[in-house]
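Take a look at the structure set out below.
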Amino acid sequence: MTSYSSKVFAVGVGPGAYEYITDVVRNIILEADVIIGYKFTLNTIKCLIKNKNVHVVNMKNQEEVYKKIKNKMKYKKIVVPFTGDVNFSESEVVDRLIQIFKNVILIPGISSTQVAAAKARIALDKTKIITFHISTSIENKKIELQKGLLDGFNIIMLPRPWPTKPKKQFMHSEFALYLKKNGFNTSSMQVIVYEYLTTKNEKIFSGKVSDLENMSFSDLSIIVIKQSKLESYHDIKY
(Lines give C-alpha, C1' and ligand atoms only; values in the text may rest on other atoms or scores of the structure.)
Protein backbone atom coordinates (compact mmCIF):
# COMPACT_ATOMS: atom_id res chain seq x y z
CA MET A 1 0.00 0.00 0.00
CA THR A 2 1.12 3.55 -0.74
CA SER A 3 2.49 5.42 2.28
CA TYR A 4 1.05 8.89 2.88
CA SER A 5 2.39 11.57 5.21
CA SER A 6 -0.82 13.57 5.35
CA LYS A 7 -3.12 13.27 8.33
CA VAL A 8 -6.35 14.12 6.49
CA PHE A 9 -7.91 12.11 3.67
CA ALA A 10 -11.02 12.84 1.64
CA VAL A 11 -12.02 9.54 0.04
CA GLY A 12 -14.71 8.33 -2.34
CA VAL A 13 -16.52 5.19 -1.13
CA GLY A 14 -18.64 4.46 -4.20
CA PRO A 15 -22.36 4.84 -4.97
CA GLY A 16 -23.65 2.82 -2.02
CA ALA A 17 -22.73 -0.87 -2.24
CA TYR A 18 -19.81 -2.11 -0.16
CA GLU A 19 -18.41 -3.97 -3.19
CA TYR A 20 -17.76 -0.65 -4.92
CA ILE A 21 -15.27 0.53 -2.30
CA THR A 22 -11.75 0.31 -3.74
CA ASP A 23 -9.02 -1.50 -1.85
CA VAL A 24 -6.92 1.64 -1.40
CA VAL A 25 -9.85 3.49 0.20
CA ARG A 26 -10.74 0.49 2.34
CA ASN A 27 -7.19 0.31 3.71
CA ILE A 28 -7.08 4.04 4.48
CA ILE A 29 -10.37 3.77 6.40
CA LEU A 30 -9.13 0.77 8.38
CA GLU A 31 -6.02 2.72 9.41
CA ALA A 32 -7.96 5.86 10.39
CA ASP A 33 -8.21 7.13 13.95
CA VAL A 34 -11.26 9.31 13.34
CA ILE A 35 -13.98 9.31 10.69
CA ILE A 36 -16.15 12.32 9.79
CA GLY A 37 -19.04 11.84 7.40
CA TYR A 38 -22.69 12.03 6.45
CA LYS A 39 -25.09 9.34 7.68
CA PHE A 40 -25.72 7.70 4.28
CA THR A 41 -22.03 7.61 3.45
CA LEU A 42 -21.09 6.18 6.84
CA ASN A 43 -23.69 3.46 6.37
CA THR A 44 -21.83 2.31 3.25
CA ILE A 45 -18.67 1.71 5.30
CA LYS A 46 -20.28 0.71 8.60
CA CYS A 47 -18.49 -2.64 8.78
CA LEU A 48 -15.13 -0.84 8.55
CA ILE A 49 -15.70 1.73 11.30
CA LYS A 50 -17.19 -0.24 14.18
CA ASN A 51 -14.34 0.59 16.56
CA LYS A 52 -13.52 4.03 15.20
CA ASN A 53 -14.06 7.51 16.61
CA VAL A 54 -16.95 8.47 14.30
CA HIS A 55 -18.51 11.93 13.90
CA VAL A 56 -21.78 12.18 11.97
CA VAL A 57 -22.18 15.53 10.21
CA ASN A 58 -24.83 17.34 8.22
CA MET A 59 -24.97 20.67 6.40
CA LYS A 60 -25.72 22.53 9.62
CA ASN A 61 -23.04 21.16 11.92
CA GLN A 62 -20.18 20.15 9.61
CA GLU A 63 -18.28 23.43 9.95
CA GLU A 64 -18.31 23.17 13.74
CA VAL A 65 -17.19 19.53 13.67
CA TYR A 66 -14.35 20.11 11.19
CA LYS A 67 -12.98 22.98 13.26
CA LYS A 68 -13.29 20.99 16.48
CA ILE A 69 -11.28 18.13 14.97
CA LYS A 70 -8.76 20.60 13.57
CA ASN A 71 -8.08 21.85 17.09
CA LYS A 72 -7.42 18.29 18.21
CA MET A 73 -4.93 17.21 15.57
CA LYS A 74 -3.43 14.70 17.97
CA TYR A 75 -5.25 12.17 15.81
CA LYS A 76 -2.81 10.35 13.55
CA LYS A 77 -5.18 9.95 10.62
CA ILE A 78 -8.51 11.62 9.85
CA VAL A 79 -10.74 10.32 7.05
CA VAL A 80 -13.71 12.14 5.51
CA PRO A 81 -15.62 9.72 3.26
CA PHE A 82 -17.84 10.89 0.40
CA THR A 83 -20.46 8.93 -1.48
CA GLY A 84 -19.27 8.20 -5.02
CA ASP A 85 -16.13 9.96 -6.21
CA VAL A 86 -14.63 12.67 -4.03
CA ASN A 87 -13.66 14.62 -7.17
CA PHE A 88 -17.20 14.96 -8.50
CA SER A 89 -20.11 16.99 -7.11
CA GLU A 90 -18.48 17.50 -3.70
CA SER A 91 -16.24 20.47 -4.51
CA GLU A 92 -17.80 22.89 -2.00
CA VAL A 93 -17.07 20.55 0.91
CA VAL A 94 -13.69 19.36 -0.35
CA ASP A 95 -12.56 22.96 -0.91
CA ARG A 96 -13.57 23.80 2.66
CA LEU A 97 -11.64 20.83 4.03
CA ILE A 98 -8.54 22.07 2.21
CA GLN A 99 -9.07 25.57 3.62
CA ILE A 100 -9.33 24.19 7.16
CA PHE A 101 -6.83 21.33 7.19
CA LYS A 102 -4.47 22.51 4.39
CA ASN A 103 -2.71 19.25 3.48
CA VAL A 104 -5.63 17.04 2.39
CA ILE A 105 -5.07 13.97 0.23
CA LEU A 106 -7.91 13.14 -2.18
CA ILE A 107 -8.48 9.49 -3.06
CA PRO A 108 -10.97 8.89 -5.89
CA GLY A 109 -13.84 6.44 -5.78
CA ILE A 110 -16.37 5.04 -8.23
CA SER A 111 -19.04 7.62 -9.05
CA SER A 112 -22.72 7.01 -9.72
CA THR A 113 -22.10 8.75 -13.05
CA GLN A 114 -19.69 5.99 -14.05
CA VAL A 115 -22.15 3.30 -13.01
CA ALA A 116 -25.02 5.03 -14.84
CA ALA A 117 -22.90 5.37 -17.99
CA ALA A 118 -22.03 1.68 -17.87
CA LYS A 119 -25.65 0.63 -17.36
CA ALA A 120 -26.81 2.90 -20.21
CA ARG A 121 -23.85 1.72 -22.35
CA ILE A 122 -22.68 5.20 -23.23
CA ALA A 123 -19.13 6.53 -23.51
CA LEU A 124 -18.16 9.34 -21.15
CA ASP A 125 -16.21 11.06 -23.94
CA LYS A 126 -19.51 11.45 -25.80
CA THR A 127 -21.32 12.70 -22.72
CA LYS A 128 -21.83 15.96 -20.84
CA ILE A 129 -21.86 15.31 -17.11
CA ILE A 130 -23.66 18.08 -15.25
CA THR A 131 -24.25 18.33 -11.53
CA PHE A 132 -26.78 20.65 -9.98
CA HIS A 133 -25.56 19.68 -6.50
CA ILE A 134 -24.34 23.20 -5.77
CA SER A 135 -25.64 25.95 -3.51
CA THR A 136 -24.70 28.79 -5.86
CA SER A 137 -26.63 29.85 -8.97
CA ILE A 138 -27.42 27.05 -11.43
CA GLU A 139 -28.37 29.23 -14.40
CA ASN A 140 -25.06 28.61 -16.20
CA LYS A 141 -25.53 24.88 -15.61
CA LYS A 142 -28.92 25.07 -17.29
CA ILE A 143 -27.38 26.72 -20.34
CA GLU A 144 -24.68 24.03 -20.35
CA LEU A 145 -27.47 21.43 -20.31
CA GLN A 146 -29.22 22.98 -23.31
CA LYS A 147 -25.99 23.32 -25.28
CA GLY A 148 -25.01 19.73 -24.59
CA LEU A 149 -28.34 18.48 -25.89
CA LEU A 150 -28.22 20.69 -28.99
CA ASP A 151 -24.67 19.55 -29.74
CA GLY A 152 -25.79 15.92 -29.70
CA PHE A 153 -24.05 14.79 -26.52
CA ASN A 154 -25.46 12.26 -24.11
CA ILE A 155 -26.39 13.85 -20.80
CA ILE A 156 -25.75 12.50 -17.33
CA MET A 157 -27.24 14.82 -14.76
CA LEU A 158 -27.48 14.98 -11.00
CA PRO A 159 -30.63 16.92 -10.04
CA ARG A 160 -30.82 19.47 -7.24
CA PRO A 161 -32.87 18.60 -4.15
CA TRP A 162 -33.71 21.53 -1.87
CA PRO A 163 -36.80 20.60 0.19
CA THR A 164 -36.54 23.62 2.50
CA LYS A 165 -36.53 26.01 -0.48
CA PRO A 166 -38.68 24.46 -3.25
CA LYS A 167 -38.05 27.39 -5.61
CA LYS A 168 -34.36 26.45 -5.65
CA GLN A 169 -35.02 22.81 -6.50
CA PHE A 170 -34.14 21.43 -9.89
CA MET A 171 -35.41 17.91 -9.65
CA HIS A 172 -36.82 15.67 -12.38
CA SER A 173 -40.09 17.55 -12.87
CA GLU A 174 -38.35 20.94 -12.97
CA PHE A 175 -35.85 19.50 -15.43
CA ALA A 176 -38.60 18.28 -17.77
CA LEU A 177 -40.59 21.51 -17.59
CA TYR A 178 -37.47 23.61 -18.14
CA LEU A 179 -36.59 21.78 -21.34
CA LYS A 180 -40.16 22.04 -22.66
CA LYS A 181 -40.26 25.75 -21.86
CA ASN A 182 -37.06 26.22 -23.87
CA GLY A 183 -38.38 24.56 -27.01
CA PHE A 184 -37.27 20.94 -26.66
CA ASN A 185 -39.68 18.25 -27.80
CA THR A 186 -39.68 16.39 -24.49
CA SER A 187 -42.36 13.93 -25.60
CA SER A 188 -39.86 12.39 -28.03
CA MET A 189 -36.74 12.52 -25.82
CA GLN A 190 -35.76 9.21 -24.25
CA VAL A 191 -34.69 9.36 -20.61
CA ILE A 192 -33.52 6.90 -17.99
CA VAL A 193 -33.61 7.62 -14.25
CA TYR A 194 -31.50 5.47 -11.94
CA GLU A 195 -32.26 5.51 -8.21
CA TYR A 196 -30.18 4.06 -5.36
CA LEU A 197 -27.56 2.71 -7.76
CA THR A 198 -25.75 -0.50 -6.72
CA THR A 199 -27.89 -0.93 -3.58
CA LYS A 200 -30.65 -3.46 -2.88
CA ASN A 201 -33.17 -0.65 -3.44
CA GLU A 202 -31.94 0.14 -6.96
CA LYS A 203 -34.71 1.20 -9.35
CA ILE A 204 -34.73 2.11 -13.03
CA PHE A 205 -37.30 4.22 -14.87
CA SER A 206 -37.19 4.38 -18.67
CA GLY A 207 -39.49 6.62 -20.67
CA LYS A 208 -39.84 10.07 -22.18
CA VAL A 209 -38.64 13.32 -20.60
CA SER A 210 -42.25 14.55 -20.65
CA ASP A 211 -43.19 11.67 -18.31
CA LEU A 212 -41.07 13.25 -15.59
CA GLU A 213 -43.29 16.35 -15.31
CA ASN A 214 -45.58 14.69 -12.76
CA MET A 215 -43.15 12.23 -11.22
CA SER A 216 -40.98 12.38 -8.14
CA PHE A 217 -37.79 10.48 -7.41
CA SER A 218 -35.31 10.11 -4.59
CA ASP A 219 -32.52 12.60 -3.96
CA LEU A 220 -30.21 9.65 -4.66
CA SER A 221 -30.99 9.49 -8.35
CA ILE A 222 -29.36 10.31 -11.63
CA ILE A 223 -30.82 11.28 -15.03
CA VAL A 224 -29.49 9.97 -18.34
CA ILE A 225 -30.42 11.12 -21.85
CA LYS A 226 -28.86 8.89 -24.48
CA GLN A 227 -28.32 10.61 -27.85
CA SER A 228 -25.08 9.32 -29.33
CA LYS A 229 -25.02 6.54 -31.89
CA LEU A 230 -22.73 3.53 -31.93
CA GLU A 231 -19.51 4.37 -33.77
CA SER A 232 -16.96 1.59 -33.71
CA TYR A 233 -13.59 1.36 -35.45
CA HIS A 234 -15.41 -0.69 -38.11
CA ASP A 235 -17.49 2.33 -39.06
CA ILE A 236 -14.52 4.67 -39.47
CA LYS A 237 -12.80 4.92 -42.82
CA TYR A 238 -9.03 5.36 -42.51
Could you walk me through whether Asn185 and Ser187 pass the side-chain contact (heavy atoms from CB on, under 4.5 Å) test, one step at a time? CA-CA 6 Å; Asn185 184 4; Ser187 61; 2.8 Å; yes

Start with the C-alpha gap between Ile36 and Val79, add the side-chain angles, then the distance that decides, and say whether side-chain contact (heavy atoms from CB on, under 4.5 Å) holds. CA-CA 6 Å; Ile36 313 169; Val79 172; over 6 Å; no

Criterion side-chain contact (heavy atoms from CB on, under 4.5 Å) on Val115 and Tyr194, from CA distance to verdict: CA-CA 10 Å; Val115 177; Tyr194 297 102; over 6 Å; no

Checking salt bridge (Lys or Arg N to Asp or Glu O under 4.0 Å) for the pair Glu202/Lys119: CA distance, chi angles, key distance, verdict? CA-CA 12 Å; Glu202 180 174 310; Lys119 284 182 174 291; 3.0 Å; yes

Chi angles and distances behind the side-chain contact (heavy atoms from CB on, under 4.5 Å) call for Phe9, Val80: CA-CA 6 Å; Phe9 296 81; Val80 184; over 6 Å; no

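Contact check for Ile35 versus His55: no side-chain heavy atoms found under the 4.5 Å cut-off. Between Tyr66 and Phe101 the shortest side-chain heavy-atom distance falls below 4.5 Å. No side-chain heavy atom of Gln190 sits less than 4.5 Å from a side-chain heavy atom of Ile225. For the pair Asn214 and Ser173, the minimum side-chain heavy-atom distance is 4.5 Å or more. Met171 has its side chain out of reach of Arg160: every pair of non-hydrogen atoms, C-beta onward, lies at least 4.5 Å apart. Put simply, the side chain of Leu158 reaches to within 4.5 Å of the side chain of Ser89, judged on heavy atoms. Proximity of Asn87 to Leu106: side-chain heavy atoms (C-beta onward) are separated by under 4.5 Å at one or more points. With a 4.5 Å cut-off on side-chain heavy atoms, Val13 and Ile29 count as touching.
Cluster membership for Ile222 and Ile129, using ILVMFWY side-chain heavy atoms within less than 4.5 angstrom, is shared. The cluster map of Ile, Leu, Val, Met, Phe, Trp and Tyr, joined by side-chain heavy atoms under 4.5 Å apart, puts Val191 and Phe132 in the same cluster. Using a 4.5 Å cut-off between side-chain heavy atoms of Ile, Leu, Val, Met, Phe, Trp and Tyr, with links allowed through other members, Met59 and Leu220 fall into different hydrophobic clusters. Criterion: ILVMFWY side-chain heavy atoms under 4.5 Å apart, direct or through other members. Under it, Ile155 and Leu177 are not part of a common hydrophobic cluster. Hydrophobic clustering (ILVMFWY, side-chain heavy atoms < 4.5 Å, transitive): Val86 and Ile110 are in distinct clusters.
Between the side chain of Asp235 and the main chain of Ser232, a donor-acceptor pair closer than 3.5 Å is present. No side-chain donor-acceptor contact under 3.5 Å links Glu64 to the backbone of Asn61. Judged purely by atom type and a 3.5 angstrom limit, Asn154 uses its side chain to pair as donor or acceptor with the backbone of Lys126. Remark: the backbone N or O of Gly207 is not paired with any side-chain donor or acceptor of Asp211 at under 3.5 angstrom. Looking at Thr186, its side chain never comes within 3.5 Å of a backbone N or O of Val209 through a donor-acceptor pair. No side-chain donor-acceptor contact under 3.5 Å links Asp95 to the backbone of Glu92.
Rounded to the nearest 0.5 Å, atoms NZ (Lys226) and OG1 (Thr127) are 10.0 Å apart. Atom CD of Glu144 sits about 10.5 Å away from atom OG1 of Thr131, to the nearest 0.5 Å. Interatomic distance, OG1 of Thr113 versus CG of Asp85, reported as 7.5 Å (0.5 Å rounding). The line from CD1 of Ile134 to CD1 of Ile138 is 7.0 Å long, rounded to the nearest 0.5 Å. Distance check: Ile49 CD1 to Leu30 CG gives 10.5 Å after rounding to the nearest 0.5 Å. Taking CD1 of Ile21 as the start and CG of Leu48 as the end, the distance is 5.5 Å to the nearest 0.5 Å.
Within a 6.0 Å sphere centred on OH of Tyr20, other residues, nucleotides and ligands contribute 12 heavy atoms or fewer. Within a 6.0 Å radius of CG in Leu230, no more than 12 heavy atoms belonging to other residues, nucleotides or ligands are found. Within a 6.0 Å sphere centred on CG of Asn140, heavy atoms belonging to other residues, nucleotides or ligands number 12 at most.
The aromatic rings of Phe205 and Phe217 are tilted relative to each other, their planes meeting at an angle between 30° and 60°.
For the pair Lys128 and Phe153, the cation-pi criterion (under 6.0 Å, within 45° of the ring axis) is fulfilled. Taking the ring centre of Tyr18 as origin, the terminal cationic atom of Arg26 falls inside the region bounded by 6.0 Å and 45° from the ring axis.
Within the structure, salt bridge (Lys or Arg N to Asp or Glu O under 4.0 Å) contacts touching residues 129-140 (residues at least two apart or in different chains) are Glu139-Lys142. The list of salt bridge (Lys or Arg N to Asp or Glu O under 4.0 Å) pairs with a residue in residues 38-54, not counting sequence neighbours, is empty.
In this model, no donor atom of one side chain and acceptor atom of the other lie less than 3.5 Å apart for Asn43 and Thr41. Between the side chains of Tyr196 and Ser218, at least one donor-acceptor pair of N or O atoms lies under 3.5 Å. Side-chain contact, Ser216 with His172: no donor N or O sits under 3.5 Å from an acceptor N or O.
In terms of heavy-atom proximity, Leu197 sits nearest to Ser112 at CD1-O, 3.6 Å. Minimum interatomic distance between Val25 and Gly12 (heavy atoms only, all atoms of both residues): CG2-O, 3.5 Å. When every heavy atom of Pro108 is checked against every heavy atom of Thr22, the shortest pair comes out as O-OG1, 4.4 Å. Considering every non-hydrogen atom in both Ala117 and Ile156, the closest pair reads CB-CD1, 3.8 Å. The two residues Ala10 and Phe82 have their closest heavy-atom pair at CB-CE1, 3.8 Å. Of all heavy-atom pairs spanning Ile45 and Pro81, the tightest one is CD1-CG, 3.9 Å.
For Ser206, the side chain to side chain contact (heavy atoms under 4.5 Å, CB included) partners are Ile192, not counting sequence neighbours.
Electrostatic pairing of Glu213 and Lys208 does not count as a salt bridge here, judged by no charged N lying under 4.0 Å from a carboxylate O. Using a 4.0 Å cut-off between charged side-chain N and carboxylate O, Lys67 and Glu63 make a salt bridge.
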